[in-house]
Amino acid sequence: MTKFQAPKGVSEYFPPRSNHFEYIRNTIIESAKTSGYELMELPVFEDTELFARGVGESTDVVRKEMYTFEDRGGRSITLRPEGTAGVMRATIEHNLDRGQLPVKVFYSGAFFRAERPQAGRYRQFYQVGIEAIGLSDPLIDVEVIAVADRAFRQLGLKNYRLEITSLGDAITRANYLSQLRAYIATLDFDEETKARAEINPLRLFDDKRPEIRSVLATAPILMDYLTPESAADFDAVKNSLEALNINFVVNNRMVRGLDYYTGTAFEFVHEGLGAQSGIGGGGRYDGLMAQLGGASLSGIGFGLGVDRILLACEAEGLSMPEGSELDLFIVPLGTAPAALAIAEELRERGLRVGMSYGDRALKGGMKAADKSGARYSIVLGADELASGEVALKAMKSGESQSVTLSLLANHLIGLTADFGDHS
RNA sequence: GUGGUCGUAGCUCAGCUGGUAGAGCACUCGGUUGUGGUCCGAGAUGUCGCGGGUUCGAGCCCCGUCGAUCACCCCA
């Protein structure tokens, strides 16, 4: 019989590493909650047209990376390649854009892009993102960036940097693009590169080939075409970031992969990940909501790649908490039913309790206790059941003390309180 | 989607110019009657990714395929 394999390019997590994944995801979510963002849980598939219009027809994501299929009713469905379009759709559909503003939400889940897989680049990957809809104040840009930066700092990441730029408003872009196209027209590229330039000339700045880069070194810079309003907003963002001691570098060649960005755009780049160095990115999308049929509201958000952040934490050798640190491990000696009853009683009290099953010898049971990582253990034999006294052994020190079985829960709760809670 | 590298026990890997597989760690049991982590002893474990070909004979050679990985494209 042939063994089943996971589909090509998906990321999977299982113990012990899944504990690290969970920790990272929770850290980001907690940071978002700290800033007042609330959960928005959305479908992983949407009408194909939503992404085509929302993300942009010219993007690679839409042109060749979407998982699109027809459902049984003949509708064209696409597995979500990013989170913002869905949030916009739900916000409009449920009239949140006509209610109290701003709408501040976070999401967490799987996303899909049919790319050639690589370390840190998967066909199913995980993002946590936030969106703040209905405020055009540049300070909200900074709030959004701060949520991500705080999460990274709490994780202990060091070797990353925040790059920011401004893509300006519609007038900025129109002026700039005509200048850039004029400049590119004077250059001689290969056919494929010409085609890319045709679709979106900004994409050329993303090219890694040195010959292309050197030619583009003298190209006009978008930053020079910012309207006074856009420039003022960008200055406000930079000043505010400085005031909060959030380090950043201005990258006036930054290219975002999605078409909806306007104004502030940013990217978090980690140095230890090879080619897939972006661990998160986002920006302002002031035209998107209206384009999808909603109110004319501005918005800003980010998406952080949980898979890549995990790789970044590992690259930096950060220690991450393991999941299930047990408070107590019970080794039964022919007393398994009673042991299970005691374990359940303690679990009802909120203690994390493990036990060995399957009639193991004492030595095997103690080995299991050791490997479980539990802080304490007890051996439960006929003697203990008869006397109601157990020897509570602290695994680390090896010392044990006699405790009355009926008081075990209270005793353990008192002991473990010193270690803080388990969350 | 394009190109390079790789695919041997649960994990990390070794396997000489082709002669039907090994190490370390992990695992199980034991080292005299009920206390783990060190040490000692014993034991189990693989269709050598999958399919085909060359050969008397292939883990080692050839082709295909699946997957991983690295770079490009692009991006979280």
Side-chain angles (χ1 to χ4, degrees), chain A residues 1-12 14 16 24 28 55 58-65 80-84 108-129 148 192-193 195-196 199-200 203-204 206-209 212 254-258 267-270 273-282 302-312 329-335 356 358 360-374 376-384 390-400:
Chain A
M1 197 174 83
T2 51
K3 265 193 192 171
F4 286 111
Q5 273 180 309
K8 184 189 183 90
V10 301
S11 62
E12 302 189 285
F14 37 87
I24 287 167
I28 300 167
V55 176
S58 86
T59 61
D60 275 36
V61 168
V62 170
R63 290 171 60 230
K64 50 186 199 188
E65 295 172 2
R80 61 184 183 187
E82 59 94 52
T84 304
S108 166
F111 295 84
F112 308 84
R113 290 182 200 171
E115 301 177 273
R116 184 82 168 254
Q118 199 169 321
R121 191 175 72 181
Y122 307 105
R123 292 183 164 189
Q124 172 171 335
F125 57 99
Y126 295 87
Q127 280 192 0
V128 176
E192 197 187 325
T193 308
R196 289 180 65 206
I199 294 162
N200 184 347
R203 292 264 149 69
L204 289 189
D206 226 15
D207 207 301
K208 284 173 186 163
R209 290 171 293 183
I212 305 285
M254 186 192 299
V255 180
R256 299 296 301 154
L258 313 178
E267 220 167 69
F268 288 91
V269 179
H270 193 272
L273 298 184
Q276 265 58 53
S277 57
I279 54 176
F302 67 59
L304 305 186
V306 182
D307 311 86
R308 288 186 184 176
I309 294 167
L310 174 56
L311 291 172
F329 195 94
I330 303 176
V331 179
L333 291 178
T335 60
S356 69
R360 307 179 71 157
L362 177 64
K363 181 166 179 172
M366 285 308 295
K367 275 192 162 184
D370 185 37
K371 269 175 287 195
S372 77
Y376 297 94
S377 70
I378 59 170
V379 171
L380 193 73
D383 296 354
E384 282 79 3
V390 293
L392 182 65
K393 179 168 183 172
M395 294 303 282
K396 207 167 178 183
S397 68
E399 289 165 12
S400 53

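In what follows, every chain begins at residue 1, and chains take the letters A, B, ... in the order their sequences are listed. Predicted model only: the values in this text are computed from it and were never measured.
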In whole Å, what is the span from the [atom1] atom of [X] to the [atom2] atom of [N]?
{"X": "Ile28(A)", "N": "A76(B)", "atom1": "CD1", "atom2": "P", "result": "14 Å"}
{"X": "Leu310(A)", "N": "A76(B)", "atom1": "CG", "atom2": "C1'", "result": "13 Å"}
{"X": "Glu65(A)", "N": "C73(B)", "atom1": "CD", "atom2": "C1'", "result": "9 Å"}
{"X": "Arg121(A)", "N": "C73(B)", "atom1": "CZ", "atom2": "C1'", "result": "8 Å"}
{"X": "Gln276(A)", "N": "U69(B)", "atom1": "CD", "atom2": "P", "result": "11 Å"}
{"X": "Arg116(A)", "N": "C73(B)", "atom1": "CZ", "atom2": "C1'", "result": "11 Å"}
{"X": "Arg123(A)", "N": "U69(B)", "atom1": "CZ", "atom2": "P", "result": "12 Å"}

Exercise. Check step by step if side-chain contact (heavy atoms from CB on, under 4.5 Å) holds for Val306(A) and Val128(A).
Key: CA-CA 7 Å; Val306(A) 182; Val128(A) 176; 3.9 Å; yes
Between [N] and [M], how far is it from one [atom1] atom to the other, in whole Å?
{"N": "C61(B)", "M": "U2(B)", "atom1": "C1'", "value": "27 Å"}
{"N": "G34(B)", "M": "G15(B)", "atom1": "C1'", "value": "47 Å"}
{"N": "A58(B)", "M": "G52(B)", "atom1": "C1'", "value": "14 Å"}
{"N": "A9(B)", "M": "A14(B)", "atom1": "C1'", "value": "13 Å"}
{"N": "U54(B)", "M": "C66(B)", "atom1": "P", "value": "23 Å"}
{"N": "U5(B)", "M": "G10(B)", "atom1": "C1'", "value": "25 Å"}
{"N": "G59(B)", "M": "G53(B)", "atom1": "P", "value": "14 Å"}
{"N": "C60(B)", "M": "G49(B)", "atom1": "P", "value": "8 Å"}

Could you state the interatomic distance from [atom1] ([X]) to [atom2] ([Y]), rounded to the nearest 0.5 Å?
{"X": "Leu392(A)", "Y": "Tyr376(A)", "atom1": "CG", "atom2": "OH", "result": "6.5 Å"}
{"X": "Glu384(A)", "Y": "Leu333(A)", "atom1": "CD", "atom2": "CG", "result": "7.5 Å"}
{"X": "Tyr122(A)", "Y": "Arg308(A)", "atom1": "OH", "atom2": "CZ", "result": "9.0 Å"}
{"X": "Leu311(A)", "Y": "Ser277(A)", "atom1": "CG", "atom2": "OG", "result": "12.5 Å"}

Practice problem: For Phe111(A), enumerate each residue passing the ring pair (Phe, Tyr, Trp, His ring centres under 6.0 Å) test, keeping only those at least two apart in sequence or located in another chain. | Solution: Tyr107(A)
Exercise. Apply ring pair (Phe, Tyr, Trp, His ring centres under 6.0 Å) to Phe268(A) and list each qualifying residue two or more places apart in sequence or on a separate chain.
Key: Phe152(A)
Quiz item: Is Gln118(A) near enough to A71(B) that one of its side-chain N or O atoms lies under 4.0 angstrom from OP1 or OP2?
Solution: yes
At under 4.0 Å between heavy atoms, what does [X] touch on the DNA or RNA strands: base, sugar-phosphate, or nothing?
{"X": "Ala119(A)", "result": "sugar-phosphate"}
{"X": "Tyr126(A)", "result": "nothing"}
{"X": "Leu304(A)", "result": "nothing"}

Quiz item: Is Lys367(A) salt-bridged to Asp370(A), cutoff N-O under 4.0 Å?
Solution: no
Protein and nucleotides 10-13 of chain B: nitrogen or oxygen contacts under 3.5 angstrom:
none

Treating [X] as the side-chain partner and [Y] as the backbone partner, does any N or O pair qualify as donor plus acceptor under 3.5 Å?
{"X": "Arg121(A)", "Y": "Gln276(A)", "answer": "no"}
{"X": "Asp307(A)", "Y": "Tyr126(A)", "answer": "yes"}
{"X": "Arg80(A)", "Y": "Ala110(A)", "answer": "yes"}
{"X": "Glu82(A)", "Y": "Thr84(A)", "answer": "yes"}
{"X": "Arg113(A)", "Y": "Arg123(A)", "answer": "no"}

Self-check item: hbond_proxy Arg308(A) side chain to C75(B) base (donor-acceptor, 3.5 Å cutoff)
Solution: yes
Exercise. Return yes if the base of A76(B) and the side-chain atoms of Glu115(A) contain a donor-acceptor N/O pair under 3.5 Å, otherwise no.
Key: yes
Quiz item: Knowing that exactly one of Val269(A), Leu304(A), Leu310(A), Leu273(A) qualifies, which makes a side-chain contact (heavy atoms from CB on, under 4.5 Å) with Ile279(A)?
Solution: Leu273(A)
Quiz item: In dot-bracket notation, what is the pairing pattern of RNA chain B, taking Watson-Crick (N1-N3 plus N6-O4 or O6-N4) and G-U wobble (N1-O2 and O6-N3) contacts under 3.5 Å, with [ ] crossing and | for other strands?
Solution: (((((((..((((........)))).(((((.......))))).....(((((.......))))))))))))....
Between the protein and nucleotides 33-36 of chain B, which nitrogen or oxygen pairs are less than 3.5 angstrom apart?
| from | atom 1 | to | atom 2 | distance (Å) |
| --- | --- | --- | --- | --- |
| G34(B) | O6 | Asp383(A) | OD1 | 3.3 |
| G34(B) | O6 | Asp383(A) | OD2 | 2.6 |
| G34(B) | N1 | Glu384(A) | OE1 | 3.0 |
| G34(B) | N1 | Glu384(A) | OE2 | 3.1 |
| G34(B) | N2 | Glu384(A) | OE2 | 2.3 |
| U35(B) | O2' | Lys393(A) | NZ | 2.7 |
| G36(B) | O2' | Asp370(A) | OD2 | 3.4 |
| G36(B) | N7 | Lys393(A) | NZ | 2.8 |
| G36(B) | O6 | Met395(A) | O | 3.1 |
| G36(B) | N1 | Met395(A) | O | 2.4 |
| G36(B) | N2 | Asp370(A) | OD1 | 2.7 |
| G36(B) | N2 | Met395(A) | O | 3.4 |
| G36(B) | N3 | Asp370(A) | OD1 | 3.3 |

Quiz prompt | Least distance between heavy atoms, Met366(A) atom then Met395(A) atom | solution = CE-CE, 4.1 Å
Practice problem: Return the stacking result for A76(B) and Phe125(A): yes when the ring centres lie under 5.5 Å apart and the planes under 30°, no otherwise. | Solution: yes
Exercise. Take Val331(A) and Leu380(A) through the side-chain contact (heavy atoms from CB on, under 4.5 Å) test and state the conclusion after the steps.
Key: CA-CA 6 Å; Val331(A) 179; Leu380(A) 193 73; over 6 Å; no
All N/O contacts under 3.5 Å from nucleotides 65-67 of chain B to the protein, with atom names and distances to one decimal?
| from | atom 1 | to | atom 2 | distance (Å) |
| --- | --- | --- | --- | --- |
| C66(B) | O2' | Gln5(A) | OE1 | 3.0 |
| G67(B) | OP2 | Lys8(A) | NZ | 3.4 |

Quiz item: Pick the nucleotide of RNA chain B nearest each of Asp307(A) and Pro117(A); which residue has the one closer to the 5' end?
Solution: Pro117(A)
